[in-house]
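Numbers here are sequence positions counted from 1.
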Amino acid sequence: MLLDYLTVYSLPTLSLIKHYVCFVILLRKKCFTIASLLLLVPAPSAAFQFLCANMLCTIKKWAPSEEGTFLLAHIPNDTLILKLSHLRANTFNLATLDKIMAIEIERSPVKKVVMPSSTATVRLKVSRTYLSDIAFVAGNARLNFLTITESRLKTIPSTIVHLVALETVAITKSPIETVNLWLFSKLTRLYELNLCSNKILFLHLPATSAGDFASLRLLFLADNLLTTINLGAFNGMQALQTLDFQNNRIRRVQGALVSNSLQTLELSGNRLETLYCCEWHLPNLNHLALSQNVLSMLPTCLSLTMPNVLYLILDRNALIDSDTWYNIFTLKRLQQLDISHNRLTKAVLDNISNSLLFLDLQYNNITVLHVPAARMGLRITASYNAIDTFDIKSLSPNVTTLEMFCNPIDCSFNRARMQIGQEPVCYTDRRNCNT
């Protein structure tokens with residue numbers, strides 16, 4: 001039988017009492033320690049709280065300058081994570097915690113953090129603080145993961161160049177306006193860089209040399225304030241697979257993007273009116289997202305410079321009918337095409353890619369739908385348009401699902417739910433439609 005027992009003591013002035021509780025179960029005459037809990041409770045006049053359990057220790061409302069660091073001697077040896085919550089200090093030096101693998105500082109007024117080179121810490125997270133400066137001493141070869149969020153940092157700390165073992169960096173939700181990506185170029189193990197949700201207006205990336213950004217695969221710059229970007233500046237990132245600029249204010253894209261490694265390019269949620277891609281070369285790009293812009297025409301030379309796109313997302317633009325539309329259906333690997341929420345008036349698609357599995361045409365002003373050839377399994381969504389006549393013979397029998405809700409005529413069907421030989425039935429009732 002397991003007995004849960006915990007006693008809390010308090011003593012006058014600043015004295016402390018340590019109380020260990022060990023839960024022990026006897027099974028087949030063997031003794032197993034199944035959990036341990038360490039609790040330090042200060043005197044009524046003190047402010048901090050100290051709790052340890054399951055390799056996690058949490059210290060709340062600790063003021064090192066007033067209460068000293070003796071409590072750190074009571075951290076169990078098997079502790080992996082130390083969380084400092086509501087830390088009462090303007091400056092905090094992590095040298096006092098040099099044996100802790102992961103440190104988290106949260107909800108604290110701390111303004112400056114110093115990390116020595118001798119620390120054993122591999123993971124550092126600083127969140128919801130007044131942090132305006134963080135210094136990393138040269139020679140640190142342990143820190144792998146760095147996260148700073150909801151801080152008051154205005155620039156990327158220049159001493160980040162000293163963290164030669166860094167693998168992932170996330171500096172987000174801070175008032176950073178300018179970023180010099182050169183600071184990360186020599187970090188040879190860095191594979192993910194997340195600079196989302198800051199206030200970035202300017203992005204500097206000097207010419208790269210061989211070996212720069214050697215391992216960088218993921219670069220996230222979403223939810224900032226960029227208005228112009230030079231994509232050619234990223235050509236030196238030889239391992240880059242994902243480049244994310246969604247939800248900025250980008251109106252102009254400069255430079256030719258040339259990369260054999262890039263697989264995902266995110267430009268959704270910007271203010272692009274045109275996109276010229278004829279000098280680009282992205283043979284392995286499989287995901288291109290351009291939704292929520294103001295494009296009236298398709299990106300130029302898309303099928304030539306990005307021939308292996310699988311997912312093409314163009315919803316919520318201002319696209320109009322054009323002969324250039326037919327070029328994208330020559331993409332031999334295209335599986336999903338989303339052109340919903342645009343200004344198209346017809347969908348006469350006589351020659352679509354034999355790889356296409358999903359075609360989204362919703363929320364346009366389409367009056368004619370004609371897809372005579374398709375691969376088996378194609379799903380078409382054409383709801384909320386203006387189709388008033390429809391001949392089922394204009395649709396390939398390989399189309400397995402058609403949604404036409406909220407058109408003047410609705411001939412929706414799902415062949416998986418139909419009997420063999422059953423034909424779709426058309427309706428003209430739109431009473432339940434809210435366009």
Side-chain angles (χ1 to χ4, degrees), residues 147-156 168-185 190 192-206 208 213 216-237 240-259 262-277 279-280 282 285 287-300 302 305-306 309 311-319 338-342:
T147 299
I148 302 172
T149 186
E150 294 184 75
S151 75
R152 295 185 178 180
L153 283 177
K154 293 185 177 180
T155 60
I156 301 296
T168 68
V169 175
I171 304 177
T172 63
K173 297 181 180 180
S174 300
I176 298 172
E177 294 185 356
T178 302
V179 172
N180 188 343
L181 289 174
W182 177 86
L183 292 171
F184 304 96
S185 63
L190 182 66
E192 179 177 349
L193 176 56
N194 180 351
L195 298 175
C196 294
S197 302
N198 293 299
K199 304 292 183 182
I200 301 174
L201 291 162
F202 304 103
L203 199 61
H204 299 293
L205 182 56
T208 56
F213 302 101
L216 188 63
R217 294 176 177 83
L218 309 172
L219 178 54
F220 301 102
L221 288 155
D223 298 293
N224 280 288
L225 303 175
L226 293 165
T227 58
T228 302
I229 55 171
N230 181 0
L231 291 179
F234 299 91
N235 294 342
M237 300 180 180
L240 192 63
Q241 296 178 358
T242 296
L243 184 56
D244 186 348
F245 284 104
Q246 63 181 315
N247 299 327
N248 276 269
R249 300 178 180 179
I250 299 170
R251 293 182 180 273
R252 186 171 59 170
V253 173
Q254 299 174 331
L257 186 56
V258 177
S259 172
L262 196 66
Q263 298 177 11
T264 298
L265 177 59
E266 259 287 0
L267 288 166
S268 298
N270 284 285
R271 301 174 182 178
L272 292 171
E273 296 182 4
T274 55
L275 188 60
Y276 300 103
C277 306
E279 295 182 359
W280 293 20
L282 303 172
L285 191 77
H287 185 110
L288 176 61
L290 288 160
S291 64
Q292 299 183 62
N293 281 280
V294 286
L295 294 168
S296 59
M297 303 292 291
L298 286 174
T300 60
L302 190 154
T305 57
M306 296 164 261
V309 169
Y311 310 100
L312 182 56
I313 314 300
L314 290 159
D315 63 294
R316 292 175 173 81
N317 276 279
L319 295 170
D338 187 348
I339 47 179
S340 62
H341 296 268
N342 279 285

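- Note: Arg316 CZ to Gln292 CD = 6.0 Å, rounded to the nearest 0.5 Å.
- Atom CG of Leu302 and atom CG of Leu312 lie 6.0 Å apart (nearest 0.5 Å).
- Going from atom CZ of Arg252 over to atom OG1 of Thr228 covers 4.5 Å, rounded to the nearest 0.5 Å.
- With values rounded to the nearest 0.5 angstrom, Asn230 atom CG is found 12.5 Å from His204 atom NE2.
- Atom CZ of Arg271 and atom OG1 of Thr227 lie 9.5 Å apart (nearest 0.5 Å).
- Test Val169, Leu153, Ile156 against Ile148 for side-chain contact (heavy atoms from CB on, under 4.5 Å) and you get one pass: Leu153.
- Remark: side-chain polar atoms of Asn194 are paired, donor with acceptor, to backbone N or O of Cys196 under 3.5 angstrom.
- Formation of a donor-acceptor pair under 3.5 Å by the Asn317 side chain with backbone atoms of Asp315 is found in this model.
- Other residues, nucleotides and ligands contribute only 12 or fewer heavy atoms inside 6.0 Å of the CD atom of Glu273.
- Under the rule for a side-chain contact (heavy atoms from CB on, under 4.5 Å), the partners of Gln263 that lie at least two apart in sequence or sit in another chain are Gln241, Asn286.
- Shown here are the side-chain contact (heavy atoms from CB on, under 4.5 Å) partners of Leu218, two or more places apart in sequence or in another chain: Glu192, Phe220, Thr242.
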* Leu195 and Ile200: side chain to side chain contact (heavy atoms under 4.5 Å, CB included), yes or no, with the steps? -> CA-CA 9 Å; Leu195 298 175; Ile200 301 174; 4.2 Å; yes
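- Looking only at side-chain heavy atoms (C-beta outward), Leu265 and Trp280 come within less than 4.5 Å of each other.
- Every residue two or more places apart in sequence or in another chain was checked for a side chain to side chain donor-acceptor pair (under 3.5 Å) with Ser185, and none qualifies.
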* To do: Carefully, step by step, assess Leu298 and Leu275 under the rule side chain to side chain contact (heavy atoms under 4.5 Å, CB included).
  => CA-CA 8 Å; Leu298 286 174; Leu275 188 60; over 6 Å; no
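- Of the possible donor and acceptor atoms, one in the side chain of Asn224 sits under 3.5 Å from a partner among the backbone N and O of Asn198.
- Residues that satisfy the side-chain contact (heavy atoms from CB on, under 4.5 Å) test with Thr155, not counting sequence neighbours, are absent from this structure.
- The two residues Met237 and Leu181 make their nearest non-hydrogen contact at CE-CD1, 4.4 Å.
- The shortest heavy-atom contact between Ile176 and Ile171 is CD1-CG2, 3.6 Å.
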* Residue pair Leu290, Ile313: steps toward the side chain to side chain contact (heavy atoms under 4.5 Å, CB included) verdict -> CA-CA 6 Å; Leu290 288 160; Ile313 314 300; over 6 Å; no
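- In terms of modelled atom types and a separation under 3.5 Å, the side chain of Asp223 and the main chain of Ser197 share no donor-acceptor contact.
- Side chain of Asn342 to backbone of Leu314: a donor-acceptor contact under 3.5 angstrom is found.
- Listed by chain and number, the residues in a ring pair (Phe, Tyr, Trp, His ring centres under 6.0 Å) with Phe245 are Phe234 (sequence neighbours excluded).
- Judged purely by atom type and a 3.5 angstrom limit, Asn270 has no side-chain atom pairing as donor or acceptor with the backbone of Ser291.
- The shortest distance between side-chain heavy atoms of Phe213 and Thr208 falls below 4.5 Å.
- From Leu282, atom CG reaches atom OG1 of Thr264 across 11.0 Å, with rounding to the nearest 0.5 Å.
- Contact detail for Thr300 and Tyr276: the closest heavy-atom pair is OG1-CA, 3.2 Å.
- Counting only residues at least two apart or on different chains, the side-chain hydrogen bond (donor to acceptor under 3.5 Å, both in side chains) pairs with a member in residues 172-184 are Thr149-Thr172, Ser151-Ser174.
- Listed here is the closest heavy atom pair of Glu266 and Asp244: CB-OD1, 3.3 Å.
- In terms of heavy-atom proximity, Leu201 sits nearest to Leu226 at O-CD2, 3.5 Å.
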